[in-house]
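First the structure, in the form of structure tokens, and then the observations on it.
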Amino acid sequence: MNPVNKSRRKFIVGSGVVLTVTALGLTLRSAAPRAGDIEFVEKTVPAPEASKGKMLVAYASMYGSTGQVAVSIAEELCKNGYEVDVRLASHVTSLDGYKAVVVGSSAKGSAWLPDAVKFVKTHRQALSKLPVAYFVTCMRLAARDDEDARKLVTAWLDPIRNDVPEVNPLSIGAFAGALDLKKMILIHRVMYPIVAGNSREGDFRNFERIRAWSGGLRTTLTT
Ligand SMILES: Cc1cc2nc3c(=O)[nH]c(=O)nc-3n(C[C@H](O)[C@H](O)[C@H](O)COP(=O)(O)O)c2cc1C
């Protein structure tokens, strides 16, 4: 047996931090959130009546709150008679059979998460032939949610729009998100105030605004 491992002891030092004591000294590292703390929802929202086909809402998320935004979007989209899959972007392997796709992500460092970027790049060919909309959730809009602020946040998607110009989002939604500092891993707790410019926390999701935007998509994505 490895003598270092044999003498290793771990202590939870406050939420999210692990102190490891070994024969070689002490190390502090961030603990991953405990299993069960975070849920990344995936579900299929059925069409209320006979289905006209399937749509997809694919999302990327660090702490799960964007999943409920994705479900809210799906619940509006299905009202036009479509069955809507809500899936983590990283779990989608094919867009076969979808009539429209909504792609969204929480913001990290004023950008979409890599899983959302990868999704668009991987499926660029299929997406270029489908009606598509993008959305982003962030804390910037928790402080001020008006047209100017939303324009600024929407511009965070310029890199992916420039990198994959053949995919043309017909609409881009920008929404205030949610953040619980207690659930965050240490590196994120340190990084968040630096990259976001504040350390605001709380649930600022405005589901009325999200539903209003999604209601508009019912026409935008089907005409
Ligand atoms: C590491 C980290 C970086 C973030 N960076 C930004 C940022 O640059 N701008 C911003 O407005 N919000 C930022 N946020 C806030 C999240 O985008 C927001 O809380 C979002 O709703 C989280 O969604 P999720 O629970 O699906 O991950 C950041 C959050 C974390 C944890």
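Since we're looking at a predicted model, the values are computed, not measured. Position 1 is the first residue of the sequence; numbering continues from there. Counting convention: from 1, in listed order, for ligands and their atoms alike.
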Give the numbers and elements of all ligand 1 atoms closer than 4.0 Å to a heavy atom of [X].
| X | value |
| --- | --- |
| G177 | 21 (O) |
| Y63 | 24 (P), 25 (O), 27 (O), 31 (C) |
| S110 | 7 (C), 8 (O) |
| S106 | 17 (O), 20 (C), 22 (C), 23 (O), 24 (P), 26 (O), 27 (O) |
| H188 | 1 (C) |
| L179 | 19 (O) |
| R140 | 10 (C), 11 (O) |
| M184 | 31 (C) |

Are the side chain of R189 and the backbone N or O of M184 linked by a donor-acceptor pair below 3.5 Å?
yes
Can you list every pair that meets ring-ring contact (aromatic ring centres under 6.0 Å, His included) and has a residue in residues 90-131, with sequence neighbours left out?
W112-Y134, F119-H123
Tell me, which protein residue and heavy-atom name are nearest [atom], and how many Å apart are they?
| atom | value |
| --- | --- |
| atom 21 (O) of ligand 1 | A178 N, 3.0 Å |
| atom 6 (C) of ligand 1 | A107 O, 3.6 Å |
| atom 5 (N) of ligand 1 | G109 N, 3.1 Å |
| atom 10 (C) of ligand 1 | M139 N, 3.6 Å |
| atom 30 (C) of ligand 1 | M62 CE, 3.6 Å |

Return the orientation label for the W213 and F175 ring planes: parallel under 30°, perpendicular over 60°, tilted otherwise.
perpendicular
Taking only residues two or more places apart in sequence, or in another chain, which ones meet N168 in a side-chain hydrogen bond (donor to acceptor under 3.5 Å, both in side chains)?
none
Which heavy atom of E42 sits nearest to which heavy atom of L88, and what is that distance?
OE2-N, 2.8 Å
Would you say Y192 and ligand 1 have an N/O pair spaced under 3.5 Å apart?
no
Over 12 non-hydrogen atoms of neighbours within 6.0 angstrom of CD in E166
yes
More than 12 heavy atoms of other residues, nucleotides or ligands under 6.0 Å from NZ of K54: is that the case?
yes
Between [Y] and [X], is there a salt bridge with N-O shorter than 4.0 Å?
| X | Y | answer |
| --- | --- | --- |
| E208 | R211 | no |
| D145 | R140 | no |
| R144 | D146 | yes |

Have a look at ligand 1 and work out which part of R205, if any, has a heavy atom under 4.0 Å from it: side chain, backbone, both or neither.
neither
Given that the side chain starts at C-beta and the backbone is N, CA, C, O, which of these parts of S65 lies under 4.0 Å from ligand 1, counting heavy atoms, or is it both or neither?
both
Side-chain heavy atoms of D115 within contact of Y59, under 4.5 Å:
no
Ligand 1 contacted by W156 (non-hydrogen, < 4.0 Å):
yes
